[in-house]
Each structure stands twice: as structure tokens, then as C-alpha cells.
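Following: one structure in C-alpha cells, then a few remarks.
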Amino acid sequence: MPKFYLTTAIDYSNGDPHLGHALEKVGADAIARYRRLRGDDVTFLMGMDEHSQAVVEAAEQNGYSPEAWVERMALRFAEFWERLQCSHDDWIRTTEPRHRQAVTELIQRIERLNPDDLYTGEYEGLYCVGCEEFKQPAQIVDGRCIEHPTLELVPTKERNHFFRLSRYRDALLGRIRSGELAVEPAIRRNEILRLLEDGLQDISVSRQRLSWGIPFPGDPEQTVYVWFDALINYLSATGYPAEGYQRLWPADLHVVGKGITRFHCVIWPAMLLAAGLALPRKVWAHGYVQWEGAKMSKTTGTAVTLGEAIDRHGPDALRYFLLREVGFEADGNFSWERFDERYTADLADGLGNLASRALAMLSKYRDGVVPAGGEPTSLDGAGAATLEQYGEAMDALDLRGGAEAAWGLVANANLYIQQTAPWKLAKEAREEELDASLAALARVLYRLAVLVSPFIPGKAQALWEALGVGGSAASASWTSLAAPPVEGVSIRKPEPLFPKPASV
RNA sequence: GGCAGGGUAGCUCAGGUGGUUAGAGCACGGCACUCAUAAUGCCGGGGUCGUGGGUUCGAGUCCCACCCCUGCUACCA
């Protein structure tokens, strides 16, 4: 059983989770669930990034100590991920001892293996008060920050520890070009390659005067810069440096937002190279959720809370909408109108109604017992084709394509019902044909329950239980999809899977 | 400012290397059916393919200019 270790970005403890966070977690969760279906030994990691100045400020503003604040935020995030049925196997927080230990050890390991890679220096640069960060030449036009052209840049000096990132340009370029470190989708890969081609500068990896962080090894005056700290969480969760961490490391997939690809595709792999550790196999950078066509800002981001979006049609529906309509590659749009349309068309009238009509006919014409099927039908042929298309899309992390494939089978099933017209067969007592049709429908429901389970795990399970095959949709074997073992099982007519309120 | 990607039906998008009446899904209109959450199936209306030039027998599909949008532009989760 091959291991599959995947991670999401850990979330910053300075605000509530919103739709953007949710897209990433739900997307990674769908991938984790799909890998489990395919038989991988999956370890799925999520967590919280709890250090940095911004967290201290958020805590102060809300009248909490940093410790109490991050504790509160972690519970809040975890609660949402639970509602959205995220199936993570581990939950890491950067304030945990296991993480502090891994960070300390990793830095010491770099000092040991490549003593030249870490050095102290004066960081001297132009600081933009608007951005609260040092600006680089490329971001300065006419002596001013591009983002804040009305503000003067302030020359600032600070003693820091530096990481010799510049040394790793060629190594990174080679590994990304060769695909040894896969960066996807292609647009992100191109961006990173261009960045590398332009050359790298060393980066400062510590901060003075900030006590809320991990002490820099050998220099208690400084703490580890939040990014250098945060990235290491993926390694901390494997148990590093304790023996056995190689069972999980290297990670098979880091799922991150497109805004932080550079950290994951340049800084993080360079850190690992310096420490002589294996690089992650793949980084996937998803796009952002836009709200009614506009970028989600702090103001519009709070216009729709994650809680509201979940309450609208339930967690499964939100997961489906994010992955099918918003998408996991480019930016996508979220609007109530589209959400309602998708809910009605794909979930209620599509999958939900298909389940209702098929189960109702099994119940009505065969007392709820799935008859022997006989020969595979055209619907089984469509099922096999769907399986292939679905697997291909999901393997490529094309979640939208996977959902399209599964829902295409819903359409095939509805068409099959129309064509075979079981009610007509029943009236004319054409028993064998009726058996064949109803058995084919039971098989398609079995296939669908499994295929949609990465997207809508809760409803997939409800459908599974209505079918009465036992066990769970999530743990069904992939090979059983070729010939679903439904003959003779007793189905149970469920409540509508996706009820349609009069208002929608 | 630099670099990259994009602007195709009301909405979301397909349309390698130019070639018959420009496609899909959703939404909309009509018909059929009744097993189903008035659901489903069939048919149909609907597009000057961002703008202006050019190459060509022929261009969403190639070239030039322009307009608009998005992303990246190193310490922003």
C-alpha cells in the first residue's frame, strides 16, 4: 500500500476562516479521499500558523494573551473544518513542542551540514510603512513603493540571521525543470521558473525584538522568522527528527494558495536541500475564490461568512459548489445565485432525484430487493467510461473534471431510465427486462455513491446506506466499481438527498 | 513600469498546427412521459467570437496597433 502524505497550508491565527480557506481545505480533502479510494495509505495534515507579529497584534486588539488567542483561533478553525467534513489525520500547530523541536533541529542541521548557508548580517533596506515590510528594487518605482506611492520609504537597519538562498538557484531550476519537484498548474510553474531565471537573493530568517516565536538556535536575542518557522510544519508532523519520520517524508503533495507558491517552490525546497533532506514531490497552487466577481478583500470577505455559506444548503452542497463551480485551478466566482442554481440543477434535480426515482421503482416493482442483473447494459458501459475519465481527471488533481465525469453519469442514468421506461415494462409484465433495468440502476447508484464521495462525503454515505450494501462508500474498494455487488440487497427509500426548499 | 495569461451565447467555459451553417452545461421557450424532490427526456430561440487594421481563396483560429481584465514582480498564509 503506497503512502500518500499531503498537506494544506497552515492558517494564520489572525482572523476567521472564510471561503478562500475553505476551498483549499475541501479541495485537499477531496484529493485525500480519492487517494484512499484508490488504496493509498493516506496521511492528510492540516494545522495553524501561530507565530509572528500579526498574531500578537490581533491578540492584543482583542484583549487576549497570544497563547489564549491562538488556542481560541485553533478551536474555531478546527470547528469549521469538522463541519465541512475534512478528514485530516493530523492537526499541527506551530506553538506545539514537536514543531519547536523540529525547527530548532532543522536549523542546527543546516548549520552542521552547510555552515556557510546561515550567517549573520545587517539587513538594510527601504521599509514601507504602508506594507509594513522591506521593499525590493523591483517593487520600487521612482523611489516609492508601488502599492503606496504617496508614502516615503524609510531606510532601516536590523541585525539578522540570513539564509544563503542564492546558492540554490541552479539546483532548484534543475529540479523544477526536470519535474523532480513538480509545480502545478503550469502557470505557477512558469512563474517560478522565471523568478529563478532572474536569480535569487539571500533572505533574512530571524527577527529581533519579537518574543512570540521560536528562539533562533544559539541566539536568544532573535526568533525564527515566521515563514522559515511555518514551512517546517510539514516536516514536524512526520516526527522529525525522531527515527521513522522517513515513513512519511518526503511529502507527496503540498496544497497551497497561488499567493504563496514562491515560499513552497523556492524557499522551502532550498531549506531542505541545505539540510540534505528530500524535496516534496509536488506543489499544487490553487486559485482564489472571488465574491460576485470581485476579489475577496477584508471587507467583502466578511460580507459572506463561511457559516452562512454552509447553512445555505448544507456542508456537502458547499463542498460541491466550491470544487465544481469555483474550481481548484484558476480563480473562480462565488455568488448565491450560482450556488442556488447548481444546488437545484446538479444536486436536487440531478443526483438527488435520480436516487429517489431509482429507489422508488426498486421498492415499488421489486419490494426493495435488487434483482439479478443479467448482462451488462449500456448504462454499465457508460459507467466504465466514466470511471476512466474520472480517474484520469482526479489523478491530475483536476477536481472539476472529476465532478463533471461523475455528474455525466447521472445524466446517463436519467437517459437510461427514459429509454427503458421501467414503469412501462412493469405494466406489460416484461419481467426479465424490468429486472435488467432495475439492476442496472442499482449498480449505477453504487458507482455514483463511491465516485461522489470525495466531493460530498456525507450525502454519498446517505445514498450508500439507502442502497443497503453495508460498510461505507468511502471504504468501498475501487475494483468493486467494475461490477458492483448489489444483487439481492434490500434497499431503503431515503428522505430526499437534497431537499429543495420552496424559496429556492 | 516589467513579465505572463485572458477577453467566444444572460452566466461558467470548450474551441492543438487557419477551411462546410461557431460548440457544451446552466438559465429561458415549446413538446413528450409519469418511476421521481412539477422531477426527467426531446426540440428550439439566443453569439458583429474585446476594438481597428493587415496576411490569405478563406481567420475566434496567424501578424500589427489599441482598449479592458487577471496574475507574478522576494520575506504578503
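Model, not experiment: these values are computed from the prediction. The chains referred to below are lettered A, B, ... by the order of the sequence lines, with proteins before strands, and numbering in each begins at 1.
Base engagement by A:Asp49 is indicated by at least one non-hydrogen atom pair under 4.0 Å involving a base atom. In this structure, A:Leu497 reaches the bases: a heavy-atom distance under 4.0 Å links it to at least one base atom across the strands shown. Using a 4.0 Å heavy-atom criterion, one finds that A:Ala9 contacts the bases of the nucleic acid, with or without backbone contacts as well. Base engagement by A:Leu200 is indicated by at least one non-hydrogen atom pair under 4.0 Å involving a base atom. At a threshold of 4.0 angstrom between heavy atoms, the contacts of A:Lys258 are confined to the sugar-phosphate backbone, with no base atom among them. At the heavy-atom level, A:Ile192 lies nowhere under 4.0 Å from the strands shown. Base contact: A:Ile260 has a heavy atom under 4.0 Å from a base atom. Among the atoms of the strands shown, none is found under 4.0 Å from any heavy atom of A:Gly47. Within the nucleic acid shown, A:Gly257 has no heavy atom closer than 4.0 Å to any nucleic acid atom.
Among the nucleotides B:C35, B:C76, B:C3, the one closest to any side-chain atom of A:Tyr365 is B:C35. Among B:U12, B:C35, B:C3, the nucleotide with an atom closest to any side-chain atom of A:Glu325 is B:U12. In this structure, of B:U37, B:C35, B:G71, it is B:U37 that holds the atom nearest to the side chain of A:Pro496. Comparing B:A74, B:U40, B:U37 by their nearest atom to the side chain of A:Asn414 picks out B:U40. Among the nucleotides B:U40, B:C3, B:C42, the one closest to any side-chain atom of A:Arg357 is B:U40. Side-chain atoms of A:Tyr12 lie closest to B:A77 of the nucleotides B:A77, B:C42, B:A36.
Look at the C1' atom in both B:U55 and B:C62: the space between them is 8 Å, to the nearest Å. A distance of about 30 Å separates the C1' atoms of B:G45 and B:G6, rounded to the whole Å. Taking atom P in both B:C49 and B:G60, the straight-line distance is 7 Å, to the nearest Å. The same atom, C1', is picked in B:U61 and in B:G54; the two are 16 Å apart, to the nearest Å. Separating the P atom of B:A9 from that of B:C76 is a span of 41 Å, rounded to the nearest Å. Atom name C1', nucleotides B:C66 and B:G23: the rounded distance is 30 Å, in whole Å. Comparing the P positions of B:A24 and B:A14 gives an interatomic distance of 16 Å, to the nearest angstrom. B:G46 and B:A65: their C1' atoms are spaced 33 Å apart (whole Å).
If you take CZ of A:Phe339 and C1' of B:U12, they are 16 Å apart, rounded to a whole angstrom. Counting to the nearest Å, the C1' atom of B:G25 and the OH atom of A:Tyr320 are 10 Å from each other. A:Trp423 places its CH2 atom 9 Å from the C1' atom of B:A36, with the value rounded to the nearest Å. Put simply, NZ on A:Lys459 is 12 Å from C1' on B:U37, counting in whole angstrom units. Atom CG in A:Leu351 sits about 17 Å away from atom C1' in B:G25, given to the nearest Å. The interatomic distance linking A:Leu195 (CG) with B:C3 (P) rounds to 16 Å, in whole Å. Atom CZ in A:Arg366 sits about 15 Å away from atom P in B:C35, given to the nearest Å. Taking atom CD of A:Gln418 as the reference point, atom P of B:C42 lies 8 Å away to the nearest angstrom.
At least one donor-acceptor pair under 3.5 Å links the side chain of A:Trp284 to the backbone N or O of A:Phe328. Under a 3.5 Å cut-off, the side chain of A:Tyr390 and the backbone N or O of A:Leu451 do form a donor-acceptor pair. The main-chain N or O of A:Phe455 is found under 3.5 Å from a side-chain atom of A:Arg319 such that the two form a donor-acceptor pair. When atom types are taken as modelled, the side chain of A:Thr94 and the backbone of A:Glu50 share a donor-acceptor pair closer than 3.5 angstrom.
Of the two residues contacting RNA chain B, namely A:Arg400 and A:Ala348, the nearest-nucleotide position lying further toward the 5' end is that of A:Arg400.
Pair assignment for B:A65 gives B:U51, based on Watson-Crick or G-U wobble hydrogen-bonding distances that are each under 3.5 Å. Taking a pair to require two hydrogen-bonding distances under 3.5 Å in either a Watson-Crick or a G-U wobble arrangement, B:C28 pairs with B:G44. With a cut-off of 3.5 Å on both Watson-Crick or G-U wobble distances, the partner of B:C72 is given as B:G2. Remark: B:C33 base-pairs with no nucleotide in the shown strands. Criterion, Watson-Crick or G-U wobble with two distances under 3.5 Å. Judged by Watson-Crick or G-U wobble contacts below 3.5 Å, the nucleotide B:G19 has B:C57 as its partner.
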Q: Please test A:Ile260 against A:Phe263 for side-chain contact (heavy atoms from CB on, under 4.5 Å), starting from the C-alpha separation and ending with a verdict.
A: CA-CA 6 Å; A:Ile260 54 174; A:Phe263 297 93; 4.1 Å; yes

Q.
Under the criterion salt bridge (charged side-chain N to carboxylate O under 4.0 Å, His left out), I'd like the reasoning laid out for A:Lys258 against A:Glu191: C-alpha separation, chi angles, the key distance, then a yes or no.
A. CA-CA 11 Å; A:Lys258 67 181 183 181; A:Glu191 281 174 6; over 6 Å; no

Q.
Between A:Phe321 and A:Phe334, does the ring-ring contact (aromatic ring centres under 6.0 Å, His included) criterion hold? Intermediate values first, please.
A. CA-CA 9 Å; A:Phe321 185 74; A:Phe334 190 103; 5.1 Å; yes

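Between A:Arg312 and A:Asp340 there is a salt bridge, with a side-chain nitrogen of the basic residue lying less than 4.0 Å from a carboxylate oxygen of the acidic one. Using a 4.0 Å cut-off between charged nitrogen and carboxylate oxygen, A:Arg159 and A:Asp219 count as a salt-bridge pair. Using a 4.0 Å cut-off between charged nitrogen and carboxylate oxygen, A:Glu341 and A:Arg338 count as a salt-bridge pair.
Near-neighbour residues of RNA chain B inside residues 227-237 of chain A, defined by a heavy atom below 4.0 Å, number-ordered: A:Trp227, A:Ala230, A:Leu231.
Residues A:Val266 and A:Leu172 meet the side-chain proximity criterion, which asks for heavy atoms closer than 4.5 Å.
The 12-atom threshold is exceeded at CD of A:Glu122, counting heavy atoms of other residues, nucleotides or ligands nearer than 6.0 Å.
Here the straight-line distance linking atom CE of A:Met73 with atom CG of A:Asn62 works out to 8.5 Å at 0.5 Å rounding.
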Protein-nucleotides 27-30 of chain B N/O pairs under 3.5 Å:
none

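A glycosidic torsion no more than 90° from 0 defines the syn conformation, and B:G60 adopts it.
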